[in-house]
S.K.: 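What follows is a single structure, and I will ask about it in a moment.
The basis for the numbers below is simple: all heavy atoms, side chains too, and nothing from hydrogens, waters or symmetry mates.
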Amino acid sequence: MRTILCLGVLLLAAGSAAAQNRYQCRTSSGATYLSDRPCSGESGMVYYGPAPSSPTYTPAMPRLGEAPGHLRYMSARCSGLHDAIRTAPARGLKSDTLYTMQRDYQRECGEEEAEARTQFNRDQRDQRQQKVAERQSQAQAVERTKQQQAQCDESKRILAIKQRRTDLSDGEKADLKRFEENFKSRCS
């Protein structure tokens, strides 16, 4: 019974090993056929490949995200440890090793990381506030320009009306001359 069982296991193993490779051969007339044996050199081209079987599972490579911005506020040692932990899955480190690294990091660098995050957030907030202030300043400058243009347009209209008048007194003529000079200095 043992001999039959061993022979059966050997036949199964040999059968699965033989089924590993399949060959697509071409005859001299150009027809193709599949074979479990290598094609003879006379029959044409030889294609080697794995036998069609169940697809093997290949785990997806973990994605590395960008390093967080607060790392630049940390010491070289702590930022290096953080980066090592962040890239550990992609480097194939085991979970117990990763756990030990995280525990050591928390013990050595936890407080420093909290301070670095605070500083990073403060700088980000300051940059946002600076951008808002710049946008407001630009908007105010545009508004001042519009108001100045409106004043110049109104002054030009008044100047045209006064220049068309022919019955101006000497005082009104002097006023008109000052008004023209002011218009030229402000609106030219």
S.K.: Test of understanding: with salt bridge (charged side-chain N to carboxylate O under 4.0 Å, His left out), list the residues that count as partners of Asp104, not counting sequence neighbours.
M.R.: Arg107
S.K.: What are the two closest non-hydrogen atoms of Phe183 and Ser155, and how far apart are they?
M.R.: CD1-CB, 3.7 Å
S.K.: Measuring only between side-chain heavy atoms, which start at C-beta, is Leu159 closer than 4.5 Å to Leu176?
M.R.: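 Leu159 reaches Leu176 side chain to side chain.
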S.K.: Taking only residues two or more places apart in sequence or in another chain, which ones pass ring pair (Phe, Tyr, Trp, His ring centres under 6.0 Å) with His70?
M.R.: His82
S.K.: Just wondering, more than 12 heavy atoms not from Asp126 lying within 6.0 Å of its CG?
M.R.: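 More than 12 heavy atoms, drawn from other residues, nucleotides or ligands, come within 6.0 Å of this atom.
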S.K.: Could you tell me which residues satisfy side-chain contact (heavy atoms from CB on, under 4.5 Å) with Ile85, sequence neighbours excluded, listed by chain and number?
M.R.: Leu98, Met101, Gln102, Tyr105
S.K.: Go through it in stages, so that I can follow the logic: the residues are Gln163 and Glu180, the test is side chain to side chain donor-acceptor pair (under 3.5 Å), and I'd like the CA-CA distance, side-chain angles, deciding distance and then a yes or no.
M.R.: CA-CA 10 Å; Gln163 286 174 338; Glu180 286 174 338; 2.5 Å; yes
S.K.: Hey, can you pull the donor-acceptor pairs under 3.5 Å for the side chains in residues 128-148, sequence neighbours left out?
M.R.:
| unit_1 | atom_1 | unit_2 | atom_2 | d |
| --- | --- | --- | --- | --- |
| Thr145 | OG1 | Ala141 | O | 2.9 |
| Gln148 | NE2 | Arg186 | O | 3.4 |

S.K.: Enumerate donor-acceptor pairs with a distance under 3.5 Å from any side-chain N or O in residues 73-81 to protein atoms, sequence neighbours excluded.
M.R.:
| unit_1 | atom_1 | unit_2 | atom_2 | d |
| --- | --- | --- | --- | --- |
| Tyr73 | OH | Asp123 | OD2 | 2.4 |
| Ser75 | OG | Cys78 | N | 3.3 |
| Ser75 | OG | Glu112 | OE1 | 3.4 |
| Ser75 | OG | Glu112 | OE2 | 3.1 |
| Arg77 | NE | Glu108 | OE1 | 3.2 |
| Arg77 | NH2 | Glu108 | OE1 | 2.9 |
| Arg77 | NH2 | Glu108 | OE2 | 3.4 |
| Ser79 | OG | Ser75 | O | 3.0 |
| Ser79 | OG | Ala76 | O | 3.2 |

S.K.: If we ignore angles and hydrogens, is there a donor and acceptor under 3.5 Å between the side chains of Gln119 and Arg122?
M.R.: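 Gln119 vs Arg122: donor-acceptor pair found between side chains.
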S.K.: With side chain to side chain contact (heavy atoms under 4.5 Å, CB included) as the criterion, how do Phe120 and Leu71 come out once you've worked through the C-alpha distance, each side chain's angles and the decisive distance to 0.1 Å?
M.R.: CA-CA 9 Å; Phe120 176 72; Leu71 287 185; over 6 Å; no
S.K.: Working to the nearest 0.5 Å, report the span between CG of Leu93 and OG1 of Thr100.
M.R.: 10.5 Å
S.K.: Hey, could you give me the CZ/NZ distance between Arg157 and Lys162, rounded to the nearest 0.5 Å?
M.R.: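 Answer rounded to 0.5 Å: 11.0 Å.
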S.K.: Say you draw a straight line from CD1 of Ile161 to NZ of Lys156; how long is it, rounded to the nearest 0.5 Å?
M.R.: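 Rounded to the nearest 0.5 Å, the CD1-NZ separation comes out at 13.5 Å.
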S.K.: CG/Leu168 to NZ/Lys177 distance, rounded to the nearest 0.5 angstrom?
M.R.: 14.0 Å
S.K.: For the pair Asp167 and Arg165, find out whether any cationic side-chain nitrogen is under 4.0 Å from an anionic carboxylate oxygen.
M.R.: yes
S.K.: Applying disulfide bond (SG atoms under 2.5 Å apart), which residue pairs with at least one partner in residues 114-188 are found, sequence neighbours left out?
M.R.: Cys152-Cys187
